[in-house]
Amino acid sequence: MAREYNHQEVERKWQAAWERDGVYHVSDSPASASAYVLDMFPYPSAQGLHVGHPEGYTASDIYSRYLRARGTTVLHPMGFDAFGLPAENYAIKTGTHPAKTTQENIDNMRQQIKRLGFSYDWEREVITSDPRYYKWTQWIFIQLFKHGLAYESDAPINWCPKDKTGLANEEVIDGKCERCGTPVTKKQIKQWLVKITDAKYIERLLHGLDTLDWPESIKTLQRNWIGRSEGAEIKFEILNPKSETNSNSKAINSKQYITVFTTRPDTLFGATYMVLSPEHQLVDVITTDKQKKTVDKYKKEAAAKSDLERTDLAKEKTGVFTGAYAINPANEKKVPIWIADYVLSSYGTGAIMAVPAHDERDHAFAEKFKLPIVQVIKPARVMPAMNPPMGSAAAWGMGDSDLEYTCWTGDGQMMNSGKYDGLDSVEGKEKIIADLEKKGVGRKAVNYKLRDWLFSRQRYWGEPIPIVHCEKCGNVAVPEDQLPLELPNVEKYEPTGTGESPLAAISDWVNTTCPECGGPAKRETNTMPQWAGSNWYWLRYCDPRNNTQLADPEKLKAWLPVDMYVGGAEHAVLHLLYARFIYMFLYDIGAVPQEVGEEPFAVLKNQGLIMGEDGQKMSKSRGNVINPDDVVDKYGADVLRMYEMFMGPFEDAKPWSTQGIVGIRRFVEKVWDVGARTAPDAAASDDVLVHGTIKSITEKIEQFRFNTCISDLMKWSNAWSGPVNQSEFEIFIMLLAPFAPHLAQELWSQLGHDSYIAQEQWPAYDEFKIVETEITYAIQVNGKVRDTITVPAATDEQGTIQIALQQEKVQKHLKGEPKKTIFVKDKLVNFVT
RNA sequence: GCCGCCGUGGUGAAAUUGGUAUACACGAGGGACUUAAAAUCCCUUGGGAGCAAUCCCGUGUCGGUUCGAGUCCGACCGGCGGCACCA
């Protein structure tokens with residue numbers, strides 16, 4: 001009777017049949033309800049597929065197959081994010097063209113993915129390095145440029161000395177290059193930036209998050225990254241230094257100000273000095289002759305420091321006095337102006353009012369340089385009267401030594417603040433801002449941590465930025481009818497390191513004519529970052545071969561927004577932020593129809609990381625990498641799929657276990673075995689089991705709780721022995737089909753069906769059949785379970801309590817009449833004495 | 001330092017709105033089949049006491065709320081992820 005399950009043969013057979021019959025192809029105009037289920041597309045690496053890829057792909061595949069069975073038309077595409085550094089670095093090493101290695105890697109990974117039996121519509125595949133695709137990536141850039149949202153700047157940027165390219169803020173992790181881990185330095189070269197901080201977008205990027213069904217952690221990450229702070233901008237009048245001490249004094253007109261940003265205007269009376277960042281424009285203007293040497297030296301040192309050195313928290317504060325003073329507008333007191341690298345030039349106004357009594361950084365600086373510390377906020381140290389008392393002083397955020405030895409950074413009662421004394425600091429904040437506004441020396445202000453998005457890379461393997469530099473006309477966009485601006489071939493891929501890409505060496509290509517005046521001009525030689533292609537790819541899936549627009553708005557309307565987006569959490573502030581911004585922009589210019597809304601991904605699920613068997617992150621150097629191909633060869637695609645779903649909750653990190661896989665393989669063989677002993681007239685299992693399982697799996701697929709779906713199926717199969725009722729088994733394999741599509745299809749066909757199970761309807765369940773005829777009650781005495789009783793479902797409360805009371809074990813523990821009886825229907829009876 | 005998430009058997013993990021903690025699977029131990037092994041099937045498997053019925057303890061630690069807490073609240077300990085002089 002034991003027949004062997006040949007997974008290789010079965011899987012190959014059905015994959016070929018699905019492809020031949022276009023089972024998963026979806027037409028353009030969904031007639032019925034539609035859904036868009038999207039995976040984050042992979043980078044085609046030479047290492048091929050990682051076991052982490054099939055985790056997300058299996059989840060989205062189960063969900064897609066389930067929705068189809070429920071009668072929904074599902075767009076479920078796949079493609080490749082094909083521009084990027086590894087292919088280029090390989091080219092540098094071997095002289096092989098990146099296009100060639102990329103193509104080989106794509107072909108390999110596509111085969112690996114196809115072996116897993118996912119229900120992708122491969123006719124919609126997009127590849128970001130294909131000129132027919134990046135024509136539209138370039139088109140989007142030109143629209144940004146035309147709307148003033150892409151601009152050139154030569155401010156210092158993050159620079160990776162190993163990859164020899166600029167990096168966006170989001171690509172710098174702990175001061176190191178996201179790709180290679182090399183410490184990032186600063187470099188001043190001309191760069192393209194995209195204005196993601198534009199007032200038209202930043203608040204929408206922030207508030208749009210509230211409308212999204214995304215993991216809270218990802219939304220929090222984005223909120224923190226955007227980093228909105230409310231406060232005030234306050235103007236401090238610069239005291240005109242005596243002419244004999246500053247030869248630049250003529251530059252100072254009658255009244256000149258330094259504007260600072262603060263979130264704590266309520267501490268203004270405690271501002272005893274000011275600090276400018278070393279790069280601040282006014283530094284040279286205000287510095288006295290006497291201090292000039294010291295200041296220049298400090299500026300030079302600061303400029304030479306790397307970001308890591310400058311932001312090292314452990315390091316002592318440094319800074320120098322400029323010799324100049326300003327007037328604190330609150331109390332007209334004269335305060336010294338210093339420069340220090342703990343003040344960043346790129347945030348706020350690049351200048352601060354220092355309140356050493358109520359800011360730890362200012363406090364440390366003031367202690368070191370003996371600057372005055374004036375307390376202006378008194379902590380509300382009175383503990384709220386509570387009965388019973390709740391926690392210690394520490395529990396209320398207070399330390400006994402807060403006032404005496406360190407600085408209080410919380411709210412409290414204002415003091416040493418003139419007419420504001422005694423006010424609550426929260427209230428005082430508003431009052432001070434209002435008064436400053438009246439005097440014209442301050443206003444409410446909002447600042448963000450988010451910086452504009454560095455968009456040029458000094459590398460070869462990316463989309464050329466479609467701009468021409470003309471002496472007469474400035475930066476001119478390549479006319480749209482000349483797109484795509486194809487990436488030319490080069491001899492050497494090595495980045496120059498000078499801030500130019502290898503494209504700069506091709507004079508034929510670089511030298512061109514200005515599209516506006518026809519005069520001689522030069523092409524932009526930088527390329528776009530990898531994020532450029534992934535910013536909009538899901539739009540292209542809706543209309544992948546369109547040659548006249550990025551996608552037909554009617555087709556976008558049919559599918560967008562994405563109903564379910566599945567991928568890793570590592571893209572929280574990279575792809576997922578950039579993509580939202582670009583989508584909002586396309587929405588604003590009408591490339592995305594208004595009807596679909598301005599958020600691209602309605603629901604987001606993050607798969608948890610799959611760790612190595614040692615509990616460590618999988619990596620080649622640790623030697624703990626599992627190759628999905630090996631698992632598919634040995635156990636089959638269905639086993640890999642189900643194992644990855646069975647490992648644990650979808651969003652949790654979990655370690656791989658080679659031993660654990662055999663449990664799934666045994667389950668597959670068990671089901672396969674049962675397939676050979678079904679009989680139309682065999683006794684069916686209990687209705688509660690059958691209908692309860694259908695209900696449970698239906699609900700859990702919708703909640704992405706696939707691990708418990710599989711244990712539900714196992715429980716059901718454990719109930720079988722001997723011949724199994726055929727129609728019951730058919731329901732079982734329909735529920736199994738999203739998880740193990742090959743096995744389910746093979747069994748379906750062996751049972752005499754010539755249809756595809758993937759096109760069959762999802763089983764329905766009957767609520768009435770899930771109702772138990774008998775209920776088991778837990779009987780507790782004082783909350784401890786002492787016995788259980790099983791009564792007919794119709795038994796009422798009094799009846800159940802009576803039976804419970806009569807139990808010997810209950811009597812033993814009860815000792816007399818219960819004071820109180822708790823009855824929870826269908827659950828328990830609790831006697832309290 | 002700040003923000004977020006998480007601590008349940010030997011292991012991966014289950015557990016509607018608070019309601020019989022440890023489902024399902026792995027591993028381990030025992031048994032059946034076999035000349036033997038593998039495979040398969042059956043039984044046992046949180047800790048402790050007891051011949052047993054049964055009892056006590058038990059979801060990182062301590063406390064609280066409640067008839068009842070893995071679940072809610074507070075403090076602490078440990079781990080993971082993110083941010084990091086952002087004024």
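Letters A, B, ... mirror the listed sequences (proteins, then strands); counts begin at 1. These figures come from a predicted structure and were not determined experimentally.
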> Can you work out whether A:Q659 or A:S217 has the more 5'-proximal nearest nucleotide on RNA chain B?
A:S217
> Check this one for me: any side-chain N or O of A:N718 less than 4.0 Å away from OP1 or OP2 of B:rA25?
yes
> Sticking with atom P, work out how far B:rC72 lies from B:rG7, rounded to a whole angstrom.
10 Å
> On a whole-Å scale, what distance lies between the P atoms belonging to B:rC42 and B:rG47?
23 Å
> Taking the side chain from A:Y448 and the backbone from A:E203, do they hold a donor-acceptor pair closer than 3.5 Å?
no
> For A:T197, is there any backbone N or O sitting under 3.5 Å from a side-chain donor or acceptor partner on A:D452?
yes
> NZ of A:K219 versus P of B:rC5: gap in Å, rounded?
13 Å
> If you check every side-chain atom of A:T708, which of B:rG27, B:rA14, B:rC85 has the closest atom?
B:rA14
> Can a donor-acceptor pair be found, under 3.5 Å and without considering hydrogens, that links the side chain of A:N830 to the backbone of A:G783?
yes
> How far does the P atom of B:rA21 sit from the matching atom of B:rC57, given to the nearest Å?
13 Å
> Taking atom P in both B:rG31 and B:rG81, compute the distance separating them and give it to the nearest angstrom.
46 Å
> Would you indicate which nucleotide in B:rC67, B:rA14, B:rA25 comes nearest to any side-chain atom of A:K820?
B:rC67
> Looking only at atom P, what distance separates B:rU8 and B:rA13, rounded to whole Å?
9 Å
> At under 4.0 Å between heavy atoms, how does the protein contact nucleotides 41-56 of chain B? Give one character per nucleotide, 5' to 3', with B, S or -.
-------------SSS
> Just label B:rG9 as syn or anti from its O4'-C1'-N9-C4 or O4'-C1'-N1-C2 angle, using within 90° of 0 for syn.
syn
> Of the candidate nucleotides B:rA84, B:rA87, B:rA14, which contains the atom at the shortest distance from the side chain of A:D359?
B:rA87
> Roughly how far apart are A:E55 CD and A:F650 CZ, rounded to 0.5 Å?
5.5 Å
> Of all the nucleotides listed (B:rC3, B:rA15, B:rC67), which has the minimum atom distance to the side chain of A:R705?
B:rA15
> In whole angstrom, give me the gap between the C1' atoms of B:rC76 and B:rC26.
35 Å
> Atom CH2 of A:W656 to atom P of B:rA13: distance rounded to whole Å?
14 Å
> Between B:rG46 and B:rU34, how many Å separate the two C1' atoms, rounded to a whole number?
35 Å
> Would you say the side-chain atoms of A:T259 and A:T349 include a donor-acceptor pair closer than 3.5 Å?
no
> When you compare B:rG9 with B:rG60, how far apart are their C1' atoms, in angstrom units rounded to a whole number?
15 Å
> Anything below 3.5 Å on both distances counts as a pair; with that, list the stems of at least three consecutive Watson-Crick or G-U pairs involving RNA chain B.
B:1-7 with B:77-83, B:10-12 with B:24-26, B:27-32 with B:40-45, B:46-49 with B:54-57, B:60-64 with B:72-76
> Kindly give the heavy-atom pair with the smallest separation between A:D266 and A:I432, and that separation in Å.
CA-CD1, 4.1 Å
> Return the minimal non-hydrogen interatomic distance between A:A366 and A:P356, and the atom names on each side.
CB-CB, 3.5 Å
> Which nucleotide wins on minimum distance to the side chain of A:I173, given the candidates B:rC83, B:rG19, B:rC3?
B:rC83
> Starting at CD of A:Q222, measure out to CG of A:L205 and round the result to the nearest 0.5 Å.
8.0 Å
> Measure from the side chain of A:T262, starting at C-beta and using heavy atoms only, and say which of B:rA14, B:rA87, B:rC3 lies closest.
B:rA87
> Can you find a donor-acceptor pair, distance only, under 3.5 Å between A:K449 side chain and B:rC83 base?
no
